[in-house]
Amino acid sequence: MISIDNRSRVPIYEQLVNGFKLQIINGVLQTDDQLPSVRQLAQELTINPNTIQKAYRELEHLGFTYSVPGKGSFVNKIEDTMHKERINMLSESLEKIVQELLFLGLTKEEIIQQIQNVRGDSNDSN
């Protein structure tokens, strides 16, 4: 399900939030799917239940989940949020790729040409 890197500088609760967000965005977790209970996930990942509770609160705050008292946390219908979050994640990845291409010696124009080739409009100037 979700893997935690104890050596990462990213706090564990953020790793949990990011892991669940990825699963929701990629459709692994669907609308109204129930998240594992705090106790169950704490045992599986051998981490403090308070850390999981903090991650679940953050997911709810971000609109990815909703909670039902006495029942647990469930995946929210988040089409708009999901698309915006996916765009943000892909934009961050693209930024890293462009920086690496520039570092490796490609020019801005060469990178733009590659993007235009992907779009199939290599003859256009925009």
Side-chain angles (χ1 to χ4, degrees):
M1 181 170 218
I2 300 222
S3 60
I4 299 298
D5 181 1
N6 290 318
R7 288 176 263 153
S8 173
R9 293 182 181 204
V10 177
I12 292 173
Y13 88 94
E14 281 185 34
Q15 291 181 50
L16 286 168
V17 169
N18 292 334
F20 279 114
K21 282 171 37 177
L22 267 177
Q23 288 189 353
I24 293 168
I25 289 169
N26 292 328
V28 175
L29 291 172
Q30 302 285 323
T31 300
D32 296 326
D33 281 353
Q34 186 172 9
L35 300 184
S37 72
V38 170
R39 196 173 298 150
Q40 175 189 353
L41 194 57
Q43 286 177 339
E44 278 181 32
L45 300 175
T46 61
I47 57 177
N48 191 314
N50 292 330
T51 303
I52 293 170
Q53 190 62 45
K54 183 175 182 179
Y56 279 15
R57 276 195 307 271
E58 180 68 14
L59 285 166
E60 188 169 353
H61 175 74
L62 294 171
F64 282 88
T65 62
Y66 65 93
S67 61
V68 176
K71 300 275 186 183
S73 295
F74 298 84
V75 176
N76 208 358
K77 183 176 181 183
I78 51 161
E79 293 168 5
D80 291 340
T81 305
M82 181 171 65
H83 293 305
K84 289 176 187 174
E85 186 68 26
R86 184 71 176 148
I87 288 170
N88 286 342
M89 291 172 64
L90 290 171
S91 294
E92 288 175 11
S93 296
L94 178 61
E95 184 178 336
K96 290 176 186 173
I97 290 168
V98 168
Q99 288 174 351
E100 189 169 345
L101 288 170
L102 289 169
F103 177 78
L104 293 173
L106 265 67
T107 65
K108 177 181 169 184
E109 291 74 22
E110 290 171 321
I111 296 169
I112 290 170
Q113 183 62 47
Q114 287 185 353
I115 293 169
Q116 289 174 337
N117 289 341
V118 169
R119 289 181 47 196
D121 57 11
S122 58
N123 294 329
D124 294 345
S125 60
N126 246 351

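The shown structure was predicted, so the numbers you read here are calculated from the model rather than taken from an experiment.
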With a 4.5 Å heavy-atom cut-off, do [X] and [Y] have their side chains touching?
{"X": "Ile2", "Y": "Leu41", "value": "no"}
{"X": "Tyr56", "Y": "Pro36", "value": "yes"}
{"X": "Asn6", "Y": "Ile12", "value": "yes"}

Among Asn18, Asp33, Leu29, find the one that has a side-chain contact (heavy atoms from CB on, under 4.5 Å) with Gln23.
-> Leu29
Do you reckon Ile97 sits in the same ILVMFWY cluster as Leu106, going by side-chain contacts under 4.5 Å, direct or chained?
-> yes
Using the rule that two of Ile, Leu, Val, Met, Phe, Trp, Tyr join whenever any of their side-chain heavy atoms come within less than 4.5 Å, decide whether Val75 and Val28 are in one cluster.
-> no
Looking only at side chains, do Gln113 and Glu109 share a donor and an acceptor under 3.5 Å apart?
-> no
Please check if the side chain of Gln53 supplies one atom and the backbone of Val38 the other of a donor-acceptor pair under 3.5 Å.
-> no
Quick one: does Glu14's side chain have a donor or acceptor within less than 3.5 Å of a partner on Pro11's backbone?
-> no
Which atom pairs, one a donor and one an acceptor, fall under 3.5 Å between side chains of residues 58-74 and the rest of the protein, sequence neighbours left out?
{"from": "Glu60", "atom 1": "OE1", "to": "Ser67", "atom 2": "OG", "distance (Å)": "3.3"}
{"from": "Glu60", "atom 1": "OE2", "to": "Ser67", "atom 2": "OG", "distance (Å)": "3.3"}
{"from": "Thr65", "atom 1": "OG1", "to": "Glu60", "atom 2": "N", "distance (Å)": "3.2"}
{"from": "Tyr66", "atom 1": "OH", "to": "Asp32", "atom 2": "OD1", "distance (Å)": "2.7"}

Evaluate side chain to side chain contact (heavy atoms under 4.5 Å, CB included) for Leu45 paired with Leu16, printing each intermediate quantity in order.
-> CA-CA 10 Å; Leu45 300 175; Leu16 286 168; 3.6 Å; yes
I need the [X] [atom1] to [Y] [atom2] distance, nearest 0.5 Å.
{"X": "Ser37", "Y": "Gln43", "atom1": "OG", "atom2": "CD", "answer": "8.0 Å"}
{"X": "Ile87", "Y": "Leu94", "atom1": "CD1", "atom2": "CG", "answer": "12.5 Å"}
{"X": "Ile25", "Y": "Leu90", "atom1": "CD1", "atom2": "CG", "answer": "9.0 Å"}

Report the hydrophobic cluster partners of Leu104, with the cluster defined as I, L, V, M, F, W, Y residues connected by side-chain heavy atoms closer than 4.5 angstrom, directly or transitively.
-> Phe103
Please report the closest heavy-atom contact between Gln15 and Ser8, naming both atoms and the distance.
-> NE2-CB, 3.6 Å
Chi angles and distances behind the side chain to side chain donor-acceptor pair (under 3.5 Å) call for Glu110, Gln114 = CA-CA 6 Å; Glu110 290 171 321; Gln114 287 185 353; over 6 Å; no
